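As structure tokens, the structure follows; a few thoughts come after it.
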Protein chains: 2
Amino acid sequence: MPKTISSGLKEVARRAAVSIATVSRVINADPKVKGETALAVQKAIKELGYRPNRVAQRLRATTARRRLVGLLIPDIQNPYYVDIIRGVEEFAYSQNTTVIIGNFSQDPTKEELYIDILRSESVDGLIVATTPVTEEKVEQLIEDGIPVVCIDRGLKSLKADVVKTDNELGAIMATEHLISLGHQRIAHIAGDMEIPTTHERIAGYKAALKKHKLKIDPSLILSRKSDYESGVALTEKILAPKSRPTAIFTANNLLTLGALETLHRHKVKIPKEVAIVGFDDVYWATSLNPALTAVKQFGYEMGQQAAELLYKRLSSPQAPPASLIIKPELMVRKSCGTR
Amino acid sequence: MPKTISSGLKEVARRAAVSIATVSRVINADPKVKGETALAVQKAIKELGYRPNRVAQRLRATTARRRLVGLLIPDIQNPYYVDIIRGVEEFAYSQNTTVIIGNFSQDPTKEELYIDILRSESVDGLIVATTPVTEEKVEQLIEDGIPVVCIDRGLKSLKADVVKTDNELGAIMATEHLISLGHQRIAHIAGDMEIPTTHERIAGYKAALKKHKLKIDPSLILSRKSDYESGVALTEKILAPKSRPTAIFTANNLLTLGALETLHRHKVKIPKEVAIVGFDDVYWATSLNPALTAVKQFGYEMGQQAAELLYKRLSSPQAPPASLIIKPELMVRKSCGTR
DNA sequence: CTGAAAGCGCTTACAG
DNA sequence: CTGAAAGCGCTTACAG
């Protein structure tokens with residue numbers, strides 16, 4: 001069984017009749033190499049189908065040139081995070097760097113472990129959607145000199161770059177949309193109170209009500225976890241009393257799905273009996289009946305920006321932390337009805 | 001700025017007053033190390049918070065112990081593939097190996113590039129959802145001695161392990177369900193003809209019709225690409241003629257979404273005017289109105305199995321290729337109505 | 001049971 | 001402009 005492919009620099013060097021140092025230089029596009037030599041080497045590389053061993057390169061490389069970034073994601077089943085992944089990956093790809101994803105599925109133990117693993121893989125830096133559980137660990141990373149950019153949620157200590165959505169604004173847009181359609185009793189199915197974005201969205205919801213002189217009814221703000229099941233459970237609660245709200249604002253796409261399932265099961269007509277607007281625009285929103293009005297977060301763009309920020313930080317580690325707040329957009333469709 | 005964390009084996013060795021060889025041995029749980037010594041080393045490791053550098057380990061390691069596998073995925077936006085990813089990742093995680101995902105977004109150029117990149121990362125092996133474009137390249141991989149297991153679709157040459165769904169059976173189940181509900185004119189919105197699974201599903205559709213003595217009308221089998229837009233376009237086509245079908249069987253979740261959007265836009269009542277059953281069960285299926293009847297592929301389980309097969313192959317490279325055909329399941333909900 | 005040494009495939013000062 | 005050599009952080013025969 002011949003190992004068809006390149007046993008490395010050495011073979012190329014032999015074939016091109018130069019040293020391995022020279023081969024390495026042309027691989028790294030060192031301008032000091034004479035054109036003629038470079039050509040000969042490139043020819044040999046092509047003929048042998050040589051591809052550098054990234055692992056060896058990485059081991060040898062000084063930081064910031066390892067062409068590997070880590071991405072810590074809370075839940076790969078959530079399409080919002082998939083958008084972020086795609087954005088990060090797209091930018092990384094353009095820089096010839098590969099990204100290694102740590103999907104911890106909302107499991108704190110796994111989250112911590114993944115931070116360790118990614119670090120052990122000698123990444124140039126990390127893009128993380130932090131959880132309060134790991135704030136400390138992430139700060140440790142930064143202290144150890146590993147570049148980190150936070151996505152979706154920042155660090156309390158603000159020591160890292162962050163790109164996130166303007167959650168409060170998004171919630172205001174959603175709520176005002178409902179108000180403009182004449183709704184007065186608007187429920188908010190919020191996410192997990194442990195997560196900072198939850199509070200920002202609640203704040204936006206309240207701000208909108210206040211602005212329009214509507215009373216804030218605490219019994220209309222419900223929260224449990226950020227998952228589908230909570231969407232179901234909380235919607236059931238909302239539907240129970242006789243004076244039920246005429247509209248619901250759900251705080252993320254999983255919650256929305258739970259609410260929808262419940263509404264349909266109870267044969268509640270949308271938007272006639274209850275209107276609904278969700279945080280997170282997703283690819284299946286237009287296939288719903290009625291099509292879902294939703295607050296769009298630009299996950300893909302956020303991912304790209306985060307990757308770009310990480311690269312900037314690699315070249316200037318001492319720069320002060322930057323914050324990128326991305327404005328969301330209200331995608332008006334049919335689930336809230338019309339005037 | 002102190003580099004807080006371990007500068008490596010050397011420090012641990014010094015602290016435990018042994019050689020780096022010994023430290024390495026306890027890390028790798030070599031039973032030859034005296035218990036006492038091992039304990040001392042473990043203590044030093046803990047105190048220093050030492051974690052082995054995976055890159056160095058990988059460079060040094062002989063094949064099959066690099067703790068890295070590559071996963072080549074056609075489209076991370078498709079929840080079916082996300083299930084597969086989760087399954088692979090779950091098994092890998094249990095083996096302390098990390099997985100690096102190459103998502104090529106249905107772009108053949110990117111697909112080839114990713115194969116090269118993953119190979120350059122010195123993976124122990126690859127799990128790939130091949131595309132005809134890269135069959136050759138994948139076979140080359142195998143010839144070069146890199147273990148490969150195919151997922152979702154096999155290789156024509158059958159040289160690799162494969163785990164896939166019984167697509168024909170799934171299509172039969174979907175079609176027979178429709179037939180049992182009294183449908184006679186059933187359209188099939190098929191996927192991209194370039195993809196082998198498309199043909200298997202068409203075969204199942206035809207087999208079911210034949211079995212029940214229904215005529216196969218070629219004009220009822222439509223195909224373009226496997227994406228959302230095709231679902232829309234083909235459904236428009238179906239809706240046009242006066243004698244339209246009473247039921248649609250869509251070949252994947254994206255196609256289903258496109259069909260749903262179109263049906264709703266044309267105010268076609270589901271299932272009363274047109275029933276629909278889709279291949280691929282997804283998390284949003286129950287939140288649809290009506291809830292979607294669908295053929296469930298066990299993506300998560302398939303991912304796990306694929307990873308396990310890969311591991312088996314690592315230890316016995318010469319074993320004959322194995323095929324794992326997973327039976328799908330029909331999830332009956334509301335979109336096809338009842339008798 | 002343990003250590004000294006070679007080497008995995010690269011990159012990069014240092015000479016020349 | 002190019003080569004010889006050291007070294008990235010590990011593992012593993014080979015001695016003892």
Side-chain angles (χ1 to χ4, degrees), chain A residues 3 5-42 44-45 48-68 96 117 119-124, chain B residues 3 5-42 44-45 48-68 96 117 119-124:
Chain A
K3 284 193 220 163
I5 296 294
S6 65
S7 78
L9 239 33
K10 269 177 288 186
E11 271 188 27
V12 179
R14 193 181 319 134
R15 186 169 195 117
V18 296
S19 73
I20 61 165
T22 298
V23 178
S24 173
R25 287 191 187 103
V26 348
I27 288 167
N28 294 293
D30 185 329
K32 289 201 290 287
V33 180
K34 214 204 306 181
E36 218 177 309
T37 318
L39 250 34
V41 172
Q42 264 143 10
I45 288 177
L48 292 169
Y50 168 75
R51 304 214 97 231
N53 178 324
R54 286 181 159 249
V55 177
Q57 289 182 312
R58 191 169 302 137
L59 181 60
R60 196 56 186 62
T62 140
T63 185
R65 292 259 144 259
R66 290 188 278 233
R67 322 250 86 140
L68 183 69
N96 188 28
I117 288 179
R119 180 200 271 250
S120 300
E121 291 287 1
S122 291
V123 294
D124 282 325
Chain B
K3 284 193 217 162
I5 296 295
S6 64
S7 76
L9 238 34
K10 270 176 290 185
E11 271 190 26
V12 179
R14 192 182 320 137
R15 185 167 195 120
V18 296
S19 72
I20 61 165
T22 298
V23 178
S24 173
R25 287 189 186 104
V26 346
I27 288 168
N28 294 293
D30 184 330
K32 288 200 292 285
V33 179
K34 213 203 306 181
E36 218 177 308
T37 318
L39 250 34
V41 171
Q42 265 142 11
I45 289 177
L48 292 169
Y50 168 76
R51 307 213 97 230
N53 178 325
R54 284 181 161 249
V55 177
Q57 288 183 311
R58 186 130 68 224
L59 180 61
R60 197 57 186 59
T62 142
T63 186
R65 291 259 145 259
R66 290 189 277 234
R67 321 253 87 138
L68 183 70
N96 188 28
I117 288 179
R119 180 200 270 252
S120 300
E121 290 287 0
S122 290
V123 293
D124 282 325

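Small disclaimer: the values here were computed from a predicted structure and weren't measured. Every chain is numbered from 1, with letters handed out A, B, ... down the list of sequences.
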Take atom [atom1] of [X] and atom [atom2] of [N], then tell me their distance rounded to the nearest Å.
X: B/I45; N: D/dC10; atom1: CD1; atom2: C1'; result: 13 Å
X: B/L9; N: C/dA4; atom1: CG; atom2: P; result: 13 Å
X: B/I20; N: D/dC8; atom1: CD1; atom2: P; result: 11 Å
X: A/N28; N: C/dT12; atom1: CG; atom2: P; result: 6 Å
X: A/R65; N: C/dG9; atom1: CZ; atom2: P; result: 24 Å
X: B/D30; N: C/dT2; atom1: CG; atom2: P; result: 10 Å
X: A/E11; N: C/dC8; atom1: CD; atom2: P; result: 13 Å
X: B/K32; N: C/dG3; atom1: NZ; atom2: P; result: 14 Å

Checklist entry - Taking B/R15 for the side chain and B/L48 for the main chain, is one N or O donor matched with an acceptor at less than 3.5 Å? => result no
Next on the checklist: Applying the Watson-Crick and G-U wobble criteria at under 3.5 Å, what pairs with D/dG16? Answer none if nothing qualifies.
Outcome noted: C/dC1
Checklist entry - Per the side-chain contact (heavy atoms from CB on, under 4.5 Å) rule, which among A/I45, A/N53, A/V23, A/T22 passes with A/L9? => result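 It is A/V23, the one option of A/I45, A/N53, A/V23, A/T22 that forms the side-chain contact (heavy atoms from CB on, under 4.5 Å) with A/L9.
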Checklist entry - Does B/A21 or B/L59 map to a spot on DNA chain D nearer the 5' end, using the closest nucleotide for each? => result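 The 5'-side residue here is B/L59.
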Item to check | Closest-nucleotide ordering on DNA chain C, the 5'-leading residue of A/I27 and B/T22 | outcome: B/T22
Item to check | Along DNA chain C (nearest heavy atom to each residue), the more 5'-positioned of A/V55 and B/P31 | outcome: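 Here B/P31 is the residue nearer the 5' end.
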Any [X] side-chain nitrogen or oxygen under 4.0 Å from OP1 or OP2 of [N]:
X: B/N53; N: D/dC8; answer: no
X: A/Y50; N: C/dC10; answer: yes
X: A/Q57; N: C/dG9; answer: no
X: B/T37; N: C/dC1; answer: no

Checklist entry - Has the side chain of B/R60 got a donor or acceptor atom sitting under 3.5 Å from an opposite partner on the base of D/dG9? => result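 Answer is no: no donor-acceptor pair is held.
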Next on the checklist: Considering every strand and a 4.0 Å limit on heavy-atom distances, what is the contact class for A/R25: base, sugar-phosphate, or nothing?
Outcome noted: base
Checklist entry - Is A/V18 touching bases, backbone alone, or none of the nucleic acid, heavy atoms closer than 4.0 Å? => result sugar-phosphate
Checklist entry - Taking all non-hydrogen atoms of both residues, which atom of A/A38 and which atom of A/V26 are closest, and how far apart? => result CA-CG1, 4.3 Å
Item to check | Gap in Å between the two C1' atoms, one belonging to C/dG16 and one to C/dT12, rounded | outcome: 16 Å
Next on the checklist: Set out, in order, the CA-CA distance, both residues' side-chain angles and the distance that settles salt bridge (Lys or Arg N to Asp or Glu O under 4.0 Å) for B/R58 and B/E121, then state yes or no.
Outcome noted: CA-CA 9 Å; B/R58 186 130 68 224; B/E121 290 287 0; 5.6 Å; no
Item to check | Side-chain donor-acceptor contact under 3.5 Å, A/R54 with A/N96 | outcome: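 Present: a donor and an acceptor within the cut-off.
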